[in-house]
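Everything numeric in this text was worked out from a predicted model, so none of it was measured. Quick note on labels: first sequence line is chain A, next is B, and so on, each numbered from 1. Below, all heavy atoms of this structure are taken into account, side chains as well, without hydrogens, waters or symmetry copies.
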Amino acid sequence: MEAESEQGGASQKAVDLFVAAAIMALAALVMYDSQRLGAKWASDGPQAGYFPFYVGLIMFVSAGATFLLALRPKASDRIFVDRQQFRSVLAIFVPSAVYIALIYLLGIYIASAIFLAFFMRVHGGYGPAMIAPVALGMPVFLFVLFEMWFLVPLPKGPVESLLGF
Amino acid sequence: MAESLEALFHGFAVAMSLKNILFMLVGILLGVLIGVLPGLGGANGVAILLPLTFSMPPTSAIIMLSCIYWGALFGGAITSVLFNIPGEPWSVATTFDGYPMARDGRAGEALTAAFTSSFVGAFIAVVVLTFLAPLVAQFALQFGPPEFFAVQFLTFCSFVGMSKEPPFKTLASMMIGFALAAVGLDTVTGQLRMTFGIYEIIRGFDFLIAVIGLFGIGEILLTMEEGLSFKGASAKINARVVWQTWKKLPKYWATSIRGALVGCWMGITPGGATPASFMSYGLAKRFSKDGPQFGTGKIEGVVAPETAAHAAGTSALLPMLTLGIPGSPTAAVLLGGLLIWGLQPGPLLFVEQKEFVWGLIASIYLGNIVGLLIVLTTVPWWAAILRIPFSIIGPAIVVVCAIGAYTVHNAMLDVALMLFFGVVGYAFKKLNYPLAPLVLALVLGDMAESAFRQSMIISRGSLSAFWANGLVGSIMALALALLFWPLIVQAKNSLLPKRA
């Protein structure tokens with residue numbers, strides 16, 4: 001979505017066009033599926049695709065208009081995001097994505113500890129004396145709060161089952 | 001009138017129970033915390049905590065959740081004044097004069113003015129709510145499906161007409177919400193819509209996930225991009241500063257009343273707290289004799305946006321309770337809560353769930369008094385929380401969002417979806433696509449569609465159902481006028497210079 005161009009990053013215009021095109025594609029998909037279900041009037045009332053079809057149509061037209069407006073030469077040629085900023089955004093986005101993948105494997109408590117420790121080490125430059133209490137304390141607190149007080153089960157992994165939960 | 005008062009006193013009896021006051025305190029404290037932290041706001045904060053209330057009695061649950069909302073409204077002002085970072089979008093206008101005041105060493109004065117104005121705004125709005133809501137509900141009892149659809153249509157049209165964002169982007173964002181709401185099992189025909197054979201999405205997209213992603217993760221990405229460096233003014237509030245500020249404030253009664261009126265109007269029609277705060281600031285600047293000095297640390301420039309924001313936030317509950325149409329994303333999340341607790345929002349709520357409605361309204365009075373006292377006494381703590389580096393707060397907020405997304409349906413797919421919505425929220429914010437219409441459409445989509453379908457069945461497929469009587473016709477006409485408002489303004493602007 002935030003494709004970088006050669007120099008200072010992606011231009012506002014390029015991203016604007018891309019997003020408008022993506023919404024148009026989504027709208028086309030909505031209309032296609034509504035058409036498949038039937039977007040007309042049946043004997044007992046409107047068919048299942050009736051309402052969504054028009055939603056898709058309005059979406060398509062308004063995204064199309066946005067696309068055309070963005071094409072105008074006087075449309076803004078500001079930078080959407082420069083390299084430095086994009087790197088900062090990725091610096092939290094990529095670890096977050098990995099964190100969510102880790103929840104599948106390890107459960108939410110262990111994954112949170114790893115995520116917090118990683119972020120504090122790499123972006124905060126903290127030493128173990130500061131990392132350990134935060135990265136271990138928060139998952140333990142969450143465990144007590146959810147599993148014990150509110151009785152809301154969160155995803156658990158192999159380590160918790162070893163401990164008998 | 002007398003009936004309202006009697007019901008209100010009964011409501012106070014409900015809200016005053018020890019347990020409910022405890023929930024109120026917890027709610028306010030959590031709310032201020034949410035309002036102070038970047039990435040957590042009223043809407044997604046309430047969304048994350050909603051699953052914890054599923055087993056609570058509805059009245060206690062709504063008292064706690066609405067207090068989180070009041071707390072978040074108060075909390076937004078703290079970061080604006082002390083750090084020049086609006087904790088919430090509606091406190092952007094508060095930074096204009098609040099931060100210069102703090103830099104001059106008048107942080108205590110600015111904060112006292114902000115909190116007190118918030119309180120005044122909320123108080124006026126809740127008085128409006130107390131007396132107007134039963135009348136609106138009474139009136140809405142005669143609504144049929146076409147009228148309900150017309151009111152919803154009006155809501156969405158006013159987004160297009162009133163928002164600062166480009167109208168086509170507002171429309172596109174709204175339609176994405178409607179389309180997402182349509183995904184899954186169609187309850188009328190039993191057919192699967194837009195699931196494309198994927199089993200997990202038969203349930204549809206939950207708006208809570210969208211709210212947590214769009215507002216929570218999206219905000220974290222934006223915060224990272226801006227490269228956070230908190231450089232804060234120190235906060236000292238003592239009784240003397242509070243007292244001296246309170247002595248000054250009555251001078252600005254006209255600004256307060258104007259702000260509260262703008263706020264109530266923008267909250268009831270879903271303009272929301274953010275445009276209300278800007279509009280009130282703009283009006284105060286125009287009408288004040290110190291107008292040109294606004295932005296250099298004028299107390300009036302703090303009073304105006306805060307009164308309006310809090311009035312809008314509070315009055316957004318009026319259409320939610322009486323018509324089932326929320327006036328703001330946070331009200332939308334509270335509406336989602338009502339549905340989950342098994343309460344059907346709408347005019348019948350005032351007939352069938354008196355204790356719930358009036359308990360809630362009474363709790364707004366109490367919650368704001370408690371909130372004012374809490375924020376005035378605890379400011380230094382919140383300022384200290386903001387000095388925790390982002391490398392700790394940032395990932396902690398991601399963890400909290402992930403847990404919030406998971407607990408809605410105990411589904412891992414939702415956590416992944418939340419991240420996706422986060423990217424969408426980030427891109428949309430940067431491209432000026434408004435997020436509020438998307439969320440509201442996602443919440444109201446099913447209701448709007450069924451009202452539309454029922455109307456069409458009544459009229460046998462003819463759109464004339466929406467012009468069938470004076471009531472529905474005038475709502476529709478008003479809606480269309482708002483929808484085409486940008487065009488009308490443009491036409492007026494392009495015609496006038498030629499004449500001159």
Side-chain angles (χ1 to χ4, degrees), chain A residues 1-2 12 15-16 19-20 23 26-27 29-30 33-34 37 41 45-52 55-56 58-59 62-63 65-66 69 80-81 84-86 88-89 91-93 95-97 99-100 103-104 108 112 115-116 118-120 123-126 134 138 142 146 150 152-155, chain B residues 51-52 55 166-172 174-176 178-179 182 186 188-194 196 217 220-222 224-227 389-392 394-396 398-400 402-403 406-407 410 412 415-416 418-419 422-424 426-428 430-431 433 445 448-449 452-453 456-457 461:
Chain A
M1 189 162 280
E2 292 88 9
Q12 182 87 11
V15 183
D16 209 4
V19 170
I23 296 175
L26 179 70
L29 193 69
V30 171
D33 198 63
S34 305
L37 288 168
W41 188 259
Q47 286 176 311
Y50 186 84
F51 192 77
V55 165
I58 301 173
M59 200 200 297
S62 45
T66 305
L69 285 175
F80 179 75
V81 56
Q84 182 57 44
Q85 291 174 328
F86 189 58
S88 312
V89 171
I92 192 151
F93 180 76
S96 302
Y99 163 60
I100 288 170
I103 299 178
Y104 278 95
I108 205 157
S112 303
F115 179 51
L116 283 163
F118 168 84
F119 213 82
M120 284 177 73
H123 295 285
Y126 290 102
V134 177
M138 183 165 168
L142 290 172
F146 283 90
F150 282 96
V152 176
L154 296 180
Chain B
L52 292 182
S55 56
F168 283 120
K169 288 187 171 174
T170 310
L171 256 182
M174 193 183 295
M175 289 306 140
I176 292 173
F178 275 119
D186 173 27
V188 180
T189 60
Q191 282 173 300
L192 290 179
R193 299 196 290 198
M194 290 175 274
F196 303 103
I217 302 294
I220 286 285
L221 295 179
L222 279 172
M224 271 305 270
E225 180 195 291
E226 284 156 14
F390 190 73
S391 50
I392 301 176
V398 175
V399 169
V400 170
I403 293 176
Y406 177 80
T407 47
N410 291 340
M412 268 311 290
V415 185
M418 168 199 79
L419 194 65
V423 175
V424 173
Y426 167 74
F428 272 26
K430 296 212 73 176
L431 292 173
Y433 282 90
E449 183 180 351
F452 182 73
R453 275 181 169 179
M456 295 296 274
I457 291 171

Inset, instruction - Go through S88(A), G124(A), A48(A) and name the one with the most non-hydrogen pairs under 4.5 angstrom from chain B. - result: A48(A)

Legend entry - Residue pair V400(B) / M138(A), side-chain heavy-atom distance below 4.5 Å: yes

Inset, instruction - Below 4.5 Å from any heavy atom of chain B, which atoms of A97(A) appear? Answer side chain, backbone, both or neither. - result: both

Inset, instruction - Mind running side chain to side chain contact (heavy atoms under 4.5 Å, CB included) on D16(A) and K169(B) for me, showing each step along the way? - result: CA-CA 11 Å; D16(A) 209 4; K169(B) 288 187 171 174; 3.1 Å; yes

Legend entry - Interface moiety of Q191(B) toward chain A, non-hydrogen atoms closer than 4.5 Å: side chain

Inset, instruction - Measure distances from F146(A) to the heavy atoms of chain B and classify the residue's part below 4.5 Å as side chain, backbone, both or neither. - result: side chain

Legend entry - Atom group of I58(A) that falls short of 4.5 Å from chain B, counting heavy atoms: both

Legend entry - Atom of M418(B), atom of I100(A) and distance for their closest heavy-atom approach: CE-CD1, 4.1 Å

Legend entry - From CE (M224(B)) to CZ (F93(A)), nearest 0.5 Å: 13.0 Å

Legend entry - Exercise: identify the closest heavy-atom pair between A396(B) and L116(A): N-CD2, 3.8 Å

Legend entry - Heavy-atom pair with the smallest gap, counting every atom of S391(B) and M120(A): O-CG, 3.8 Å

Legend entry - Gap separating the CD1 atom of I176(B) from the CD1 atom of I23(A), nearest 0.5 angstrom: 4.0 Å

Legend entry - Heavy-atom contact with chain B under 4.5 Å, split by part of V89(A): both

Legend entry - Minimum heavy-atom distance Y406(B)-P155(A), with the two atoms named: CE2-CD, 3.2 Å

Legend entry - Contact origin within M174(B) toward chain A - heavy atom pairs under 4.5 Å: neither

Inset, instruction - State, with a plain yes or no, whether a side-chain heavy atom of Y433(B) is found less than 4.5 Å away from one of V19(A). - result: yes

Legend entry - Flag side-chain contact, heavy atom, 4.5 Å: I108(A) against V415(B): no

Legend entry - Heavy-atom closest contact (I92(A) atom, L221(B) atom, distance): CG2-CD2, 3.7 Å

Legend entry - Aromatic plane relationship, F452(B) with F51(A) - under 30° parallel, 30 to 60° tilted, over 60° perpendicular: tilted

Legend entry - L222(B) versus chain A, the contacting section by heavy-atom distance below 4.5 Å: neither

Inset, instruction - Considering non-hydrogen atoms only, spot the tightest contact between P52(A) and M194(B) and give its length. - result: CB-CE, 4.0 Å

Inset, instruction - May I ask you to check whether over 12 heavy atoms, not counting those of F168(B), lie within 6.0 Å of atom CZ? - result: no

Inset, instruction - Give the member of L419(B), L192(B), L431(B), T407(B) that has the highest number of heavy-atom pairs under 4.5 Å with chain A. - result: L431(B)

Inset, instruction - Name the member of T170(B), I392(B), L171(B) that forms the most heavy-atom pairs with chain A at distances under 4.5 Å. - result: I392(B)

Legend entry - Rounded distance (nearest 0.5 Å) linking atom CE of M412(B) with atom CD1 of I103(A): 4.5 Å

Inset, instruction - Could you tell me which portion of A179(B) (side chain, backbone, both or neither) has an atom closer than 4.5 angstrom to a non-hydrogen atom of chain A? - result: both

Inset, instruction - Enter the distance from I403(B):CD1 to S112(A):OG here, rounded to the nearest 0.5 Å. - result: 5.5 Å

